[in-house]
Amino acid sequence: PEVQPYIGIMQQAAVAAGVMLVDEHIHLEEEGPILTVHYRGAPDEEEARSRVIAVLGQLAEERNLTVFEGRKVVELRPPLPFGKGWSLRDVATARGLASVVYLGDDRTDVEAFDALLEWREEAPGRAGVALGVASAEMPPALAKVADYLLAGVIEVQQLLLELAGSLVG
């Protein structure tokens, strides 16, 4: 309910960003109360990053929103503490979960790892595991807060297959 007022604001911001960021290498992704702009693969990623940050910074200032940067992605968010960490806590609490496993490989996942670590310490019996997925682009901060590091996507696949096998077997 807290994000409902921002959905319309974010839709308007997405339209404006789409007009200002016309580029086949820049992709906008509307995620309800968050607008995510990807620039991975642009011929000049640093120039694309600068353009995206400038445009989203302007939209944030005009609409009282915030800008959050990840790995080759920039998010436009409501000013409230909405993000992956907030979402993780919200889902875990709303569903009464006793355990959570979270995999992440980006700066935007650091806040989710932090939230998971706090969440699991808040009540006895909770279990939570923060799994970092290593890559050349992984931010050092992610490795610091991860419980374990997986050596890339292949190890994620192997882990998920083993978990699925243990559920069936």
For Val153, all residues meeting side chain to side chain contact (heavy atoms under 4.5 Å, CB included), sequence neighbours excluded:
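So Val153 forms no side chain to side chain contact (heavy atoms under 4.5 Å, CB included) with any residue.
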Hey, what do you get for [atom1] ([X]) to [atom2] ([Y]), rounding to the nearest 0.5 Å?
X	Y	atom1	atom2	answer
Glu30	Leu35	CD	CG	6.5 Å
Leu76	Thr36	CG	OG1	9.0 Å
Leu56	Glu61	CG	CD	13.0 Å
Leu59	Asn64	CG	CG	13.0 Å
Ser135	Asp106	OG	CG	8.5 Å

Members besides [X] in its Ile/Leu/Val/Met/Phe/Trp/Tyr cluster (side-chain heavy atoms under 4.5 Å):
X	answer
Leu150	Val101, Leu103, Val129, Leu131, Val133, Tyr148, Val156, Leu159, Leu160, Leu163
Val73	none
Leu161	none

Tell me every residue that passes ring-ring contact (aromatic ring centres under 6.0 Å, His included) with [X], counting only those two or more places apart in sequence or in another chain.
X	result
Trp119	none
Phe68	none
Tyr39	none

Would you say CD of Glu122 has more than 12 non-hydrogen atoms from neighbouring residues, nucleotides or ligands within 6.0 angstrom? yes
Listed by chain and number, what are the salt bridge (Lys or Arg N to Asp or Glu O under 4.0 Å) partners of [X], not counting sequence neighbours?
X	answer
Glu46	Arg49
Asp44	none
Asp114	none

Listing, residues 4-27 side-chain donor-acceptor contacts under 3.5 Å, not counting sequence neighbours, or none:
{"unit_1": "Asp23", "atom_1": "OD1", "unit_2": "His25", "atom_2": "N", "d": "2.7"}
{"unit_1": "Asp23", "atom_1": "OD2", "unit_2": "Arg51", "atom_2": "NH1", "d": "3.2"}
{"unit_1": "His27", "atom_1": "NE2", "unit_2": "Glu24", "atom_2": "O", "d": "3.4"}

task: Please report the shortest heavy-atom distance between Val100 and Ala92, naming the atom on each side.
output: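 Taking Val100 first and Ala92 second, the nearest heavy atoms are CG2-CB, 4.2 Å.
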Note: Tyr102 and Ala112 closest approach over all heavy atoms is CZ-CB, 3.5 Å
Salt bridge (Lys or Arg N to Asp or Glu O under 4.0 Å) pairs touching residues 70-82, sequence neighbours excluded, are Glu45-Lys72, Arg71-Asp105, Arg71-Glu137, Lys72-Glu137, Glu75-Arg77, Arg77-Glu111
| Do Leu88 and Val3 share a hydrophobic cluster (ILVMFWY, side-chain heavy atoms under 4.5 Å, transitive)? | no
_Please evaluate residues Met138 and Leu149 with respect to the criterion side-chain contact (heavy atoms from CB on, under 4.5 Å), reporting the C-alpha separation (whole Å), side-chain torsions for both, the decisive distance (0.1 Å), and the verdict._
CA-CA 11 Å; Met138 182 187 77; Leu149 282 177; 4.0 Å; yes
Q) For Gln58 and Glu62, does a side-chain donor sit closer than 3.5 Å to a side-chain acceptor? A) yes
Do His38 and Val52 have side chains that approach each other closer than 4.5 Å (heavy atoms only, starting at C-beta)?
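No, too far: nothing below the 4.5 Å cut-off.
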